[in-house]
Protein chains: 2
Amino acid sequence: MKLTDTEWQVMNVLWERYPATARGISERLPKEINWAYTTIKTLLARLTEKGAVKESKKGNTSLYEPVLTRQQARRVALKSLANQAFDGAFGPLMHFLLEDQKLSKSQRQQLLEIVQNDTKKGKQK
Amino acid sequence: MKLTDTEWQVMNVLWERYPATARGISERLPKEINWAYTTIKTLLARLTEKGAVKESKKGNTSLYEPVLTRQQARRVALKSLANQAFDGAFGPLMHFLLEDQKLSKSQRQQLLEIVQNDTKKGKQK
DNA sequence: GGTATTCTACTACATTTGTAGAAGTTGTCA
DNA sequence: TGACAACTTCTACAAATGTAGTAGAATACC
């Protein structure tokens, strides 16, 4: 289940806290985003349609909660990126991340640290 | 410059060998893709429009070559994914790749190896 | 030179995505 | 009980995307 750009915005707030009302989501979206209330409703309707969120009525008001998990969404997005841009494999993607010269020294340093930690963990298992 | 799914398909063949004609691209697209010749022309026109490829005439026939490099395209795609799904940072993305339990043992093993090699290289610099 | 082939340019058209207005419904408070 | 506020559902609509047809121009082959 692939999400569109705007759907990610909505899901990102929803994953942070749910169940949530459309109004609540509206309030918790990043300030740069100035969507009309109905825009959010539309997106929530589409997401419900797709089965990525579940809607339940509490009186007149709808409560929404994610069905698709953040992890699942990330997996799909990464897989799709890998397919498109890295010949389907995560290896080359990983390579690219580690070697892209456009990363600043400190960004690279950070990645390496993360990786070293995760690598240790990986070995332990 | 963000590419759409279909544009990636075209660019992927074009990066492999260029300059190329629309016909040539048509022939080198993965067999599962069965686009009409004009579909490819349309995509090339859009890509030219966007400035991702350059078109030059050789007699009656157009030759195409990439302006956008694969690296640039990858960078944009990764950055956009990071923004959408990982709060803008590559670190969490990297984490996710290394830890996602949905990867098979061997996939994970492979990633770790890559990381170990790259990490060494990274340190040397 | 005439006919088949191959290109190109232009147009088309359904679907998806981004964004929102309008109008009806319900809850609430004076 | 009436008016306002907050919700909801429906509808809208332009731009982007996926996919291709048509017709005319250039080329090539006999």
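Each chain gets a letter, A, B and so on, in the order the sequences are listed, and its residues count up from 1.
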- Quickly work out the A:Ile40 CD1 to C:dG18 P distance and round it to whole Å. 14 Å
- Item | Atom pair distance, as rounded to whole Å: CD in B:Glu49 and C1' in D:dA16 | 13 Å
- Task: Decide side-chain hydrogen bond (donor to acceptor under 3.5 Å, both in side chains) for B:Lys2 and B:Ser80; before the verdict, give the C-alpha distance in whole Å, the side-chain angles of both, and the deciding distance to 0.1 Å.
- Result: CA-CA 9 Å; B:Lys2 211 176 169 183; B:Ser80 149; 3.1 Å; yes
- Note on the structure: In whole angstroms, the gap separating P of D:dA16 from CG of B:Leu43 amounts to 15 Å
- Task: State whether B:Phe90 and B:Lys79 meet the cation-pi test: NZ (Lys) or CZ (Arg) under 6.0 Å from the six-membered ring centroid, and within 45° of the perpendicular axis.
- Result: yes
- A:Asn34 has an atom CG; how far is it from atom P of C:dG18, in whole Å? 17 Å
- Task: May I have the distance from A:Leu44 (atom CG) to C:dT17 (atom P), rounded to whole angstrom?
- Result: 16 Å
- Query: So, A:Glu7 and A:Lys50, do they make that salt bridge, N to O below 4.0 Å?
  - Reply: yes
- Query: Taking the six-membered ring where the residue is Trp, are the ring centres of A:Phe86 and A:Phe96 under 6.0 Å apart?
  - Reply: yes
- For the side chain of A:Asp5, counting heavy atoms from C-beta on, which of C:dT19, C:dG21, C:dG18 is nearest? C:dG18
- Query: How long is the line joining CG of B:Leu3 and C1' of D:dT17, in whole Å?
  - Reply: 13 Å
- Message: My validator wants the stems of DNA chain D: runs of 3 or more consecutive Watson-Crick or G-U pairs, both distances under 3.5 Å, written as range with range.
- Response: C:1-30 with D:1-30
- Query: Between A:Leu68 and A:Ala73, which heavy-atom pair has the shortest distance, and what is it?
  - Reply: CD2-CB, 3.8 Å
- If you look at every strand shown and take non-hydrogen atoms under 4.0 Å, does A:Thr4 touch a base, only sugar-phosphate, or nothing? sugar-phosphate
- Query: Would you call B:Glu113 and B:Arg108 a salt bridge, using N to O less than 4.0 angstrom?
  - Reply: no
- Task: Would you indicate, yes or no, if D:dT17 has its OP1 or OP2 atom less than 4.0 angstrom from a side-chain nitrogen or oxygen of B:Thr6?
- Result: no
- Task: Let me see the working for B:Arg75 and B:Gln72 under side-chain contact (heavy atoms from CB on, under 4.5 Å), right down to the final yes or no.
- Result: CA-CA 5 Å; B:Arg75 223 176 257 144; B:Gln72 291 171 325; 4.3 Å; yes
- How many Å lie between CE on B:Met1 and C1' on D:dA16, as a whole number? 16 Å
- Between P of D:dA16 and CG of B:Leu47, the distance in whole Å: 15 Å
- Query: How does each nucleotide of nucleotides 2-13 of chain D score, in 5' to 3' order, for protein heavy atoms under 4.0 Å: base (B), sugar-phosphate only (S), or none (-)?
  - Reply: -----SBB----
- Cut-off 3.5 Å, side chains only: do A:Tyr64 and A:Lys41 have a donor facing an acceptor? yes
- Query: Is the CG atom of A:Asp87 crowded by more than 12 outside heavy atoms at less than 6.0 Å?
  - Reply: no
